[in-house]
Amino acid sequence: MNASEQELPVDAWPPDNPVETLRTFLVDRYADRPDAVRERIDEQLPALWRAYTEVYGDDREAVAWLLEAVEAAVEAFEERPGRLRSLDRSRAGVDDWFQGPGEVGYMCYVDLFAGDLEGVREKIPYLKELGVTYLHLMPLLEPREGRNDGGYAVKDYRSVDPDLGTMDDLRELAADLHDAGIKLALDFVMNHTAREHKWAQAAMDGDERFEDFYLTFEDRELPDQYEQTLPEVFPDFAPGNFTYVDDLEQWVWTSFYDFQWDLDYTNPDVFVQMFREMAFLANVGTDVLRLDAVPFLWKELGTDCRNLEEAHWILRAYRALMRIAAPGVLFKAEAIVAPEETIRYLGTGGYEGEECDIAYNAPLMAHLWHALASENTRLLEQALESLPSTPEEASWLNYVRCHDDIGWGLADEDVRAVGQDPTSTRKFCSDFYAGDHPDSYAEGYRFQEEPTGVARTSGTAAALTGLQKARVESDSEAIDTAVQRYLLMHQAAFVMQGMPLLYSGDELAQLNDFSYLNNPIKAEDNRWVHRSPMDWDAAERRTLEGSVEQRVFDGIRRLSEVREGRTALHHRGEEIVHDVADDSVFVVERAHDGEHVLALSNFSGESRAVALEDLPEPWTGGSYHEILRDETARYPDGRIFLEPYGYRWLEPTDAEPSEGVTTRVEIDVEAEYGEQLFLTGDHEALGNWDVESAVPLSGEDYPTWRGEFDLPEGTYVEFEWLKKRDGEPIEWSGHRYVTKAGWDTAWRLA
């Protein structure tokens, strides 16, 4: 059936109440279909009508295409396999089924991760070991040959890249993932197709229907007018937004590359056919459709053709149709745009629950990297405070790195609010992570540098945190520091509101990979430096005690473990940023259903302390459950101590201290004959700063001095050393140290 053959509900259109007229008509049309179909149409029709008619109008032709879209949704329901209908039913009425604290995401390229789809199936136990519940497989549909924008130039939405397997392989993988409790996410490229797609080929063969599927122009008059306000996506590789196609003898809108033709969503035929492709992938077993390039869907002269209102209406219409066909399928917005624009794709301003269910938390990602480079969290706090509340019905994907570059999407208003210049701040980030700043430890690369010197950033998380440099130089102390930085960044993504998302290999701290330079298709795009093939030899080292791979893998796995079942980290809980005196420390409280978690993150390379008096109830008591270590933590001095790049996840507790445990300290200090070293600190075991009661240390292994004392379990203490001669103090350390009951190490407090 096509739109021209659709029977309209009444001859005189539009009627006084078109929604009710359509409702009656559709209930009758689908009287012989399952109750679920009619119930879903009845529920979704008002939202579908409102969204669709905002874009396409409500005349007879537009309504004919709307009925065609509903028919496509019903057909998709009928073709949906029974196991997927069961999933739909199990998720019905559980509107937070993807928002629980136990959700952990993982993204990878099939070929780089495991060779092909069968290889991914074999790696499911590895993903389970890491705590993964959501797997995003990067573009795997059949692309054009040669240059294909990393798979985003789709030749056929209903075929898998032959190098990766078949559509049946994908169905089997989806089923196995579901059995393992893992949701499958796939890319759906909405804005464009490859020029080799059958629609584009038909257009070049003169088929008028498919010529109207794309945005084409007979001359440069309109393209030149559009270009006056259009930014370029890849100015270095693909300048301009239009390409002349000899076979068409017309200019084609090509926002990305010349082989990717932008679809014309003013054509309702395009709207319907793209939904059919979308529904096909849903019925393969996809739980989440990553809607690629959604900000680009609608074009309007005199604008930048990004994030226009019509794009949001189109997504809302698709959301309603998918809830008829497959309500257990989620939409994820690929919208790496300004923070205030990003959140709109989750449905705001009265459209909560009507647009996308998930979006990338690019604002959080960029601000975390800025905080790490600057060792200052004020801009991070400002950005979070200025964002509108996240809709209850939707969720963020929080990530440290992904397959793409880091764009420094720092809102100008936020940057100015903390007394900085937007361009200078972005340039600082570009310079720091390219290793061009005096204090930088990073080994990233500039991507798409602007005339201002601001550039986006490529590089693995290991390269950007200094772990790559430290490992190459075999500097054990620098490795320890970089591992701490690395885990600091990841724990921030795990504790914030939303689902944490890992990029393949980051759980092993993989380094930059330069093999892409040998591939002429990839060589000019340095983003491939962080799209590393999975190093399965490194994965084997995750069980080797003390290895970087073991420390990073176990650190991230621990984050997954403690999230599971921790109610305070449910997406629908509160997220409250607490302002503390030290700008290097970021403090956020998560709360839900009476449970609370306080996360403190030190973005400085020096130790820091947070005064309890800076915190609200219930965090002023000084006694906590330290979640990640599963230990009691007590701060009798009234300050929570954080080691360099340290972090704590705390829950309040009123547990009484247990018996004392032996705590050992060793310090290297030079002394002259007759001088003795002592410790004094903020606990009675250390004399409560009374030099007469200081703890003597043994100099048997001079210049290393050793001593021990008993502390109540979980107690953190602050101390100094002092020298005495003939029982009289003659020198103090001039700085303080921190240790914890039972430890045999201490760190210097700044």
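In this chain, residues are counted from 1 in sequence order.
- Figure legend: cation-pi geometry between K183 and W97 absent, as NZ or CZ is not positioned both under 6.0 Å from the six-membered ring centre and within 45° of its axis.
- Evaluation of the salt bridge (Lys or Arg N to Asp or Glu O under 4.0 Å) rule for R121 yields E118, E172, D176 as partners, not counting sequence neighbours.
- Contacts of R91 classified as salt bridge (Lys or Arg N to Asp or Glu O under 4.0 Å), with partners at least two apart in sequence or in another chain: D287.
- Checked against the 6.0 Å centroid threshold, H192 and F256 count as a close aromatic pair.
- Scanning all heavy atoms of the two residues, the minimum distance from E103 to F98 falls at CG-O, 3.7 Å.
- Remark: E79 pairs with no residue by the salt bridge (Lys or Arg N to Asp or Glu O under 4.0 Å) rule, at least two apart or across chains.
- Remark: R40 does not engage E43 in a salt bridge, criterion side-chain N to carboxylate O under 4.0 Å.
- Closest heavy-atom contact between V270 and Y318: O-OH, 4.1 Å.
- Other residues, nucleotides and ligands place more than 12 heavy atoms under 6.0 Å from the CD atom of E78.
- Of all heavy-atom pairs between S532 and Q510, the closest is CB-NE2, 3.5 Å.
- Under the salt bridge (Lys or Arg N to Asp or Glu O under 4.0 Å) criterion, the residue pairs touching residues 355-368 are R316-E355, R319-D357, R323-D357, with sequence neighbours excluded.
- Here the side chain of R144 pairs no donor or acceptor atom with the backbone of H197 at under 3.5 angstrom.
- Salt bridge status for R147 with D525: absent, with no side-chain N to carboxylate O gap under 4.0 Å.
- With no hydrogens or angles considered, no side-chain donor-acceptor pair links R276 and Y157 at under 3.5 Å.
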So L263 and T193, side chain to side chain contact (heavy atoms under 4.5 Å, CB included) or not? Walk me through it.
-> CA-CA 7 Å; L263 291 160; T193 73; 4.1 Å; yes
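- When atom types are taken as modelled, the side chain of H530 and the backbone of D404 share a donor-acceptor pair closer than 3.5 angstrom.
- Salt bridge status for R38 with D35: present, with a side-chain N to carboxylate O gap under 4.0 Å.
- Nearest heavy atoms, L346 versus I358: CD2-C, 3.6 Å.
- Less than 6.0 angstrom separates the ring centroid of Y399 from the ring centroid of Y360.
- With no hydrogens or angles considered, a side-chain donor-acceptor pair links S515 and D513 at under 3.5 Å.
- Residues K198 and D156 are not paired through a salt bridge, judged by the lack of any N-O separation under 4.0 Å between the basic side chain and the carboxylate.
- Of the possible donor and acceptor atoms, none in the side chain of N148 sits under 3.5 Å from a partner among the backbone N and O of V154.
- Using modelled atom types, one finds a donor on one side chain and an acceptor on the other under 3.5 Å when comparing Y345 with N307.
- A donor atom on one side chain and an acceptor atom on the other are not found under 3.5 Å apart for R557 and S560.
- Counting only distance, with no hydrogens or angles, the side chain of R50 and the backbone of A47 share no donor-acceptor pair below 3.5 Å.
- The minimum heavy-atom distance linking L184 with L186 is given by the pair CD1-CD2, 4.1 Å.
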Quick one: side chains of residues 106-113, donor-acceptor pairs under 3.5 Å with protein atoms, not counting sequence neighbours, listed by atom name and distance.
unit_1 : atom_1 : unit_2 : atom_2 : d
Y106   : OH     : S504   : OG     : 3.2
Y106   : OH     : E507   : OE2    : 2.8

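- Note: W649 and F494 fail the aromatic proximity criterion, with ring centroids not under 6.0 Å apart.
- Here the rule is side-chain contact (heavy atoms from CB on, under 4.5 Å) with L170, and of T286, L164, L140 only L140 fits it.
- Here W298 pairs with nothing under the ring-ring contact (aromatic ring centres under 6.0 Å, His included) rule; sequence neighbours left out.
- By the 6.0 Å and 45° rule, R85 stacks over the aromatic ring of F77.
- In this structure, Q260 contributes its side chain and Y152 its backbone to a donor-acceptor pair below 3.5 Å.
- Taking each heavy atom of R527 and R531 in turn, the nearest pair found is O-CG, 3.5 Å.
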